[in-house]
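In what follows, a structure is listed as structure tokens, so that the remarks can point back to it.
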Amino acid sequence: DRDTDKKRIEELLEENMVLEIAQKQSMNESAHLGWELEQLSKSTDLADTRKSFVFELNECASSRILKLEKDNQSLQNTIQELRDASLTSRESSLKFVELEKENQQLSKKIEKLQNQIEKEKQSNQDLETLSEELIKDKEQLQVVMETLKADKERQIKDLKQENDHL
């Protein structure tokens, strides 16, 4: 039983390490996506690119959260299995407590990632609103420019006609 418990604990530790690596990768991806979003917001052609980027960002973040939640659930199931097996050895108890703490940390990390994704979604919405406002301003300026151009052409035409009469 102790050998089985030790093997199970080693497996859990390996799973935990994999989750930590995945979490670090997720944080790196999130930081990289934030950088890409910042670069994207600086470009003048935001409309189409921004929408596809926002969709891609949301998809990536959602899949990462689902994976982390699945891994977290797996750890919770393993913890429950250890509880059900009524492990009596002190070493197993200590590992169990350690794994429970790690599981809580992972839960906190998932929550932080979800909060970060919500902030990024809000930022994307703000960028989208700003982009729409800029597009409206551009359209209004184009209308004003066309009106001014037409007025100038009319004035030039009137001046030419006056000059021809003289």
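By convention here, the first residue in the shown sequence is residue 1. What's counted below: heavy atoms across the whole structure, side chains too, no hydrogens, waters or symmetry copies.
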Less than 4.5 Å apart, side chain to side chain, heavy atoms only: is that true for [X] and [Y]?
X    : Y    : answer
E139 : I135 : yes
K157 : Q161 : yes
L113 : M27  : yes
Q155 : K152 : yes

[atom1]/[X] to [atom2]/[Y] distance, rounded to the nearest 0.5 angstrom?
X    : Y    : atom1 : atom2 : result
D5   : F96  : CG    : CZ    : 12.0 Å
L134 : K138 : CG    : NZ    : 10.5 Å
D126 : E120 : CG    : CD    : 12.5 Å
Q104 : K108 : CD    : NZ    : 6.5 Å
L127 : Q122 : CG    : CD    : 10.0 Å
E14  : L12  : CD    : CG    : 9.5 Å

**Between E128 and N124: side-chain donor-acceptor atoms closer than 3.5 Å** = no
**Message:** Could you check whether E36 and H32, counting side-chain N and O atoms only, form a donor-acceptor pair closer than 3.5 Å?
**Reply:** yes
N/O donor-acceptor pair under 3.5 Å between [X] side chain and [Y] backbone:
X    : Y    : value
S123 : K119 : no
N163 : L159 : no
S26  : A22  : no

**Item:** side chain to side chain contact (heavy atoms under 4.5 Å, CB included) partners of E98, counting only residues at least two apart
**Value:** L13, K95, E102
**Prompt:** Of all residues at least two apart in sequence or in a different chain, which pass the side chain to side chain contact (heavy atoms under 4.5 Å, CB included) check with E133?
**Reply:** T129, L130
**D158: salt bridge (charged side-chain N to carboxylate O under 4.0 Å, His left out) partners, not counting sequence neighbours** = R154
**Message:** Would you say that more than 12 heavy atoms from the other residues, nucleotides or ligands in this model lie under 6.0 Å from the CG of D3, or not?
**Reply:** no
**Prompt:** In chain order, what residues pass the side-chain hydrogen bond (donor to acceptor under 3.5 Å, both in side chains) check against E29, with sequence neighbours excluded?
**Reply:** R64
**Message:** Run the side-chain hydrogen bond (donor to acceptor under 3.5 Å, both in side chains) test against E111 and tell me which residues pass, sequence neighbours left out.
**Reply:** none
**Prompt:** Going by side-chain heavy atoms closer than 4.5 Å, which hydrophobic residues are tied to V144, directly or by a chain of links?
**Reply:** L148
